[in-house]
> 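Input: one structure, supplied below.
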Amino acid sequence: INTLKEEIGNAAAMNASKIDDMTRPGSQEPVGSRHPISIVKQEIESIFSRLGYTIADGPEIEDDWHVFSALNFPLSHPARDMQDTFFVEKQSNEPNVKDLLLRTHTSSIQVRAMEHQKPPIRIVCPGRVFRNEAISYRAHCIFHQVEGLYIDENVSFADMKQSILYFAKEMFG
């Protein structure tokens with residue numbers, strides 16, 4: 001530090017007009033860039049927003065009801081097994097405390113929307129999901145998923161088909 005101060009002092013003495021004020025804040029460095037997953041997620045949300053969908057979000061740590069029971073997963077379903085789902089240890093031994101887990105799909109967001117909203121419902125649910133799977137070059141235990149839910153009178157398969165077609169054309173050209 002002392003050497004640098006001395007060099008700056010010598011340079012300032014030799015050519016004072018070319019030395020900037022050393023007490024000024026330094027130049028601002030660029031912040032960086034957005035993650036590719038964030039860019040794709042925002043584009044997906046933008047496309048569905050143009051179709052009239054609302055973006056819905058929900059907790060990543062969920063209870064068994066919202067992930068499985070409300071969606072009619074039987075107790076014997078393989079997705080409920082420890083080898084497929086990351087269960088979170090209960091913090092209490094009380095019987096009314098629900099089993100907690102990392103959500104395995106974003107359908108739990110749809111359940112929450114249907115609990116709190118009356119039809120018509122038109123939502124898209126993007127988010128991270130977690131599956132207790134072996135990590136390899138092809139797969140990871142954390143990945144991203146997008147689901148849509150459209151409940152209204154006179155909605156048909158043709159509406160879903162057109163939504164998917166519009167999305168594919170907008171996303172991929």
Side-chain angles (χ1 to χ4, degrees), residues 34-173:
R34 293 174 46 237
H35 194 277
I37 292 175
S38 298
I39 294 169
V40 170
K41 181 182 175 200
Q42 185 177 16
E43 179 63 21
I44 291 168
E45 290 173 355
S46 173
I47 292 167
F48 279 103
S49 291
R50 292 193 299 266
L51 281 170
Y53 286 81
T54 303
I55 310 306
D57 195 13
E60 292 180 346
I61 300 175
E62 266 289 11
D63 56 60
D64 179 87
W65 167 255
H66 289 96
V67 176
F68 298 126
S69 298
L71 297 165
N72 294 321
F73 279 75
L75 291 174
S76 60
H77 195 280
R80 290 179 180 255
D81 293 340
M82 291 290 288
Q83 66 263 19
D84 289 336
T85 301
F86 288 109
F87 286 92
V88 178
E89 193 172 328
K90 287 185 184 180
Q91 298 297 317
S92 172
N93 290 328
E94 294 180 32
N96 60 346
V97 174
K98 300 174 183 176
D99 286 330
L100 297 178
L101 54 118
L102 298 181
R103 68 180 179 202
T104 58
H105 46 81
T106 56
S107 300
S108 59
I109 300 170
Q110 295 178 27
V111 172
R112 288 181 177 280
M114 288 185 283
E115 286 176 336
H116 297 96
Q117 188 177 338
K118 292 186 186 244
I121 299 173
R122 185 187 268 195
I123 60 171
V124 66
C125 313
R128 282 193 309 184
V129 295
F130 308 85
R131 303 260 175 90
N132 195 1
E133 297 176 355
I135 297 172
S136 70
Y137 69 95
R138 295 183 314 151
H140 198 272
C141 62
I142 303 171
F143 58 96
H144 292 77
Q145 178 178 348
V146 178
E147 295 185 30
L149 177 67
Y150 185 11
I151 301 173
D152 200 356
E153 292 181 9
N154 303 315
V155 175
S156 69
F157 184 79
D159 295 301
M160 182 181 76
K161 183 179 174 185
Q162 284 305 116
S163 293
I164 293 171
L165 182 63
Y166 177 81
F167 168 76
K169 285 182 178 179
E170 290 294 306
M171 189 74 187
F172 304 112

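Heads up: numbering here begins at 1 and tracks the sequence. Values below: every heavy atom of this structure, side chains too, minus hydrogens, waters and symmetry copies.
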> Is a donor on one side and an acceptor on the other found under 3.5 Å between the side chain of D159 and the backbone of Q162?
no
> Closest approach of I121 and Q117, non-hydrogen atoms and distance?
CD1-O, 3.7 Å
> Calculate, to the nearest 0.5 Å, the distance between atoms CD and CD1 belonging to E60 and I109 respectively.
9.0 Å
> Once rounded to the nearest 0.5 Å, what's the spacing between atom CD1 of I135 and atom NE2 of H140?
4.0 Å
> Shortest non-hydrogen contact from V111 to A70?
CG1-CB, 3.6 Å
> Determine whether H105 and E147 make a side-chain contact, defined as any pair of heavy atoms from C-beta on separated by less than 4.5 Å.
yes
> Do L75 and F68 touch side chain to side chain, with heavy atoms closer than 4.5 Å?
no
> Which atom names give the shortest non-hydrogen contact between D64 and S69, and what distance separates them?
OD2-OG, 2.9 Å
> Work out which heavy atom in R103 is nearest to a heavy atom in S108; give both atom names and the distance.
CD-OG, 4.0 Å
> What I'd like to find out is whether the side chain of Y150 reaches to under 4.5 Å of the side chain of M160, using heavy atoms alone.
no
> How long is the span from the CD1 atom in I37 to the CD atom in Q42, to the nearest 0.5 Å?
14.0 Å
> For V129 and T106, run side chain to side chain contact (heavy atoms under 4.5 Å, CB included): C-alpha distance rounded to whole Å, both residues' side-chain angles, the deciding distance at 0.1 Å, then the answer.
CA-CA 7 Å; V129 295; T106 56; 3.8 Å; yes
> Can you check whether P126 reaches F48 side chain to side chain, under 4.5 Å on heavy atoms?
no
> Starting at OG1 of T54, measure out to CG of L149 and round the result to the nearest 0.5 Å.
11.0 Å
> Where is the tightest heavy-atom contact between I123 and A113, given as atom of each residue plus distance?
CD1-CB, 3.6 Å
> When rounded to the nearest 0.5 angstrom, what is the spacing between CD1 in I142 and CZ in R128?
6.0 Å
> Could you check if a side-chain atom of Q110 sits within less than 4.5 angstrom of a side-chain atom of L71, using non-hydrogen atoms only?
no
> Would S46 and R50 satisfy side chain to side chain contact (heavy atoms under 4.5 Å, CB included), going step by step from the backbone distance to the final call?
CA-CA 6 Å; S46 173; R50 292 193 299 266; 2.9 Å; yes
> Can you find a pair of side-chain heavy atoms, one from E43 and one from V40, that are under 4.5 Å apart?
no
> For T85, run the side-chain contact (heavy atoms from CB on, under 4.5 Å) check against L101, L102, N132, V67 and tell me which one passes.
L101
> So, do V124 and I55 sit near enough that their side-chain heavy atoms are less than 4.5 Å apart?
yes
> Do you know the tightest heavy-atom contact between V88 and I61?
CG2-CG2, 4.3 Å
> Quick one, R112 and E62 - any side-chain contact, counting heavy atoms below 4.5 Å?
yes
> Dump the intermediate steps for side chain to side chain contact (heavy atoms under 4.5 Å, CB included) on Y53 and I47, then the final yes or no.
CA-CA 9 Å; Y53 286 81; I47 292 167; over 6 Å; no
